[in-house]
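A short write-up of the structure that comes next.
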Amino acid sequence: MDYLPIFISLKNRPVLVVGGGTVAQRKVDMLLKAGAQVSIVAKKLSTTLQTQHTSGNVQWLGQDFTESQLDNVYLVIAATDDAALNRRVFDAAEARQRLCNTVDDQDHCNFIFPAIIDRSPIQLAISSGGTAPVLARLLREKLEALLPQNLGLMAQTAAKWRQRVKESLPSISQRRRFWERLFAAPTFQHLTATHQPDEADAFLAEQLSAPQSNQGEVTLVGAGPGDAGLLTLKGLQKIQAADVVLYDALVSEQVLELVRRDAEKIFVGKRAGNHHVRQEETNRMLVELARQGKRVVRLKGGDPFVFGRGGEELETLKEAGITFEVVPGITAALGATAYAGIPLTHRDHAQTAMFITGHCRVDGKTLSWSTLAQGNQTLVVYMGTIKAAELATGLMANGRSGDTPAAVISKGTLPEQKVYSGRLKDLPELAAQAESPALMVIGETAALRNELAWFGTVPAEQPANHTNATILAA
């Protein structure tokens, strides 16, 4: 972060503004609204500032800036049309370790003013770090239209009742759920929107006296193949409401950044040859955490029901009597191939698509090679790079041509996505280059990548007889 977003209390704190024009006036208005004691240094005051000075709202120290004027102030704003003077104010503030904002001069600011949405005591601040203030203002305008005006009264009501709610509901999770239900309740929203504070208090008291449920729940959420933008809206809502999130190794950092900051995050990932947490232990934790009354999210890469053992986990929860829900996600076979420009089906090349996993249970059934090797089909292999040689040999032995187009997609949908392209006979070599997680795609549609790739660098078209592996880095 270039700037740390903070909210500063300026009530009764001395602030110096150097400048007396329209720009300075806008800053003074904001400072007075925050309760600051404002002093001004300027050769001339605007009409509005002169009026505020006459009424005693601001103090006019004089026409000339001197460094000693910074000795007892909390922060300073340089808002003159004299660039040299503004720099002198900034340098003097820096020497005294005072916060200084020089209007429209990012290089001479150690703090900046954001675009503000004010629903006091609820406030939202939007900043571009001084790089694009117009964009920040446009975002503010969009949010202004979305946020109801009654947020302030909702927060004021909550402030009055916060201690009593804390005394009535000792559990943090209980209190969080109570406030979430209250703020979402149509009756409470209506009473605050129509400015009926007494009725809003009565409704809150009624809700607080009602029995509070201690029942926990588990939601299986598909995190998608990596790009956080592919997370569903419902999935986002669930992970931001969770008390605990159990996530696996395929969940990207982008998605984990969306988890609520105060939620507990527990890694329960597994990787080939390096199993960190046994499935039975994950199942046990889900049940135990839910019985503690927590809202638990089991966050899985891709989709929970596509090679994600989601069914096994739900069977455990069902047996334990735990309430559960499933939020599907975009599975890697859909997301990674789309970002690689590889259609799963195509009228001219593939009428079917088949998903298999390279990981099978020890007592699993033998693969039906004749089914996997049939033509006009796109075969997508999850978690199978370590068995690429075995897979290629089996497919070719059962009739699939060694010249069938193939691709290995590494870290699909992420900025570091790489696509290794070649033929079925090249599959072991392609898989050896790919960094996990990786997905293998076999079939005629894999050759369409040269025409349809859109994410990252578009590959150069290869000659028709080219059989060596090529790579596309996003």
Side-chain angles (χ1 to χ4, degrees), residues 1-53 57-141 143-144:
M1 294 188 296
D2 292 328
Y3 294 89
L4 176 67
I6 60 175
F7 290 84
I8 299 176
S9 174
L10 293 180
K11 284 184 172 59
N12 300 317
R13 293 186 184 274
V15 177
L16 179 68
V17 176
V18 182
T22 303
V23 174
Q25 177 188 313
R26 290 200 298 266
K27 301 302 183 185
V28 169
D29 289 342
M30 190 181 302
L31 293 168
L32 291 176
K33 192 174 182 180
Q37 295 178 349
V38 179
S39 298
I40 301 174
V41 174
K43 294 187 178 300
K44 182 181 178 181
L45 298 181
S46 69
T47 301
T48 301
L49 289 178
Q50 182 63 58
T51 300
Q52 289 175 329
H53 169 57
N57 292 330
V58 300
Q59 182 181 9
W60 188 8
L61 297 182
Q63 296 187 355
D64 298 321
F65 169 73
T66 62
E67 295 182 1
S68 62
Q69 292 164 345
L70 297 175
D71 288 344
N72 297 309
V73 301
Y74 193 68
L75 57 84
V76 58
I77 297 169
T80 77
D81 56 6
D82 184 339
L85 175 57
N86 287 342
R87 285 195 295 272
R88 188 159 69 89
V89 173
F90 175 77
D91 290 340
E94 282 280 272
R96 288 166 171 74
Q97 296 188 352
R98 297 289 189 270
L99 291 174
C100 180
N101 174 270
T102 305
V103 178
D104 290 332
D105 186 356
Q106 185 183 358
D107 291 337
H108 295 91
C109 292
N110 51 33
F111 83 94
I112 55 179
F113 283 95
I116 297 173
I117 299 174
D118 191 1
R119 301 285 192 274
S120 292
I122 298 296
Q123 292 177 305
L124 280 75
I126 305 167
S127 172
S128 66
T131 59
V134 174
L135 178 59
R137 287 198 294 271
L138 288 174
L139 291 174
R140 180 193 64 191
E141 291 169 6
L143 290 173
E144 281 277 13

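Computed from a predicted model, the values in this text were never measured in an experiment. Computed over heavy atoms, backbone and side chain alike; hydrogens, waters and symmetry mates excluded.
Residues forming a side-chain hydrogen bond (donor to acceptor under 3.5 Å, both in side chains) with Gln106 (at least two apart in sequence, or on another chain): none. Contacts of Phe113 classified as ring-ring contact (aromatic ring centres under 6.0 Å, His included), with partners at least two apart in sequence or in another chain: Phe111. By the side-chain hydrogen bond (donor to acceptor under 3.5 Å, both in side chains) test, Asp107 is found to be paired with no residue, residues two or more places apart in sequence or in another chain being considered. Residues satisfying the side chain to side chain contact (heavy atoms under 4.5 Å, CB included) criterion with Val103, sequence neighbours excluded, are Val23, Lys27, Ile77, Ala79, Asn101. Gln52 meets the side-chain hydrogen bond (donor to acceptor under 3.5 Å, both in side chains) test with Asp29; sequence neighbours excluded. Shown here are the side chain to side chain contact (heavy atoms under 4.5 Å, CB included) partners of Gln59, two or more places apart in sequence or in another chain: Ser39, Leu61.
Judged as a salt bridge (Lys or Arg N to Asp or Glu O under 4.0 Å), the pairs with a partner in residues 118-127 (not counting sequence neighbours) are, in order, Lys33-Asp118, Arg119-Glu144. Among pairs with a residue in residues 72-83, those fulfilling side-chain hydrogen bond (donor to acceptor under 3.5 Å, both in side chains) read Thr80-Asn86, at least two apart in sequence or across chains. Here side-chain hydrogen bond (donor to acceptor under 3.5 Å, both in side chains) pairs that include residues 89-98, with residues two or more places apart or in two chains, are Asp71-Arg96, Glu94-Asn110. Pairs engaging residues 124-133 under the side-chain hydrogen bond (donor to acceptor under 3.5 Å, both in side chains) rule: none recorded [sequence neighbours left out].
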Please tabulate, for side-chain N and O atoms in residues 9-21, each donor-acceptor pair with protein atoms closer than 3.5 Å (sequence neighbours left out).
unit_1	atom_1	unit_2	atom_2	d
Arg13	NE	Ser9	O	2.8

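Within the 4.5 Å cutoff, side-chain heavy atoms of Gln69 are placed close to those of Val41. At least one side-chain heavy atom of Arg137 sits less than 4.5 Å from a side-chain heavy atom of Val134.
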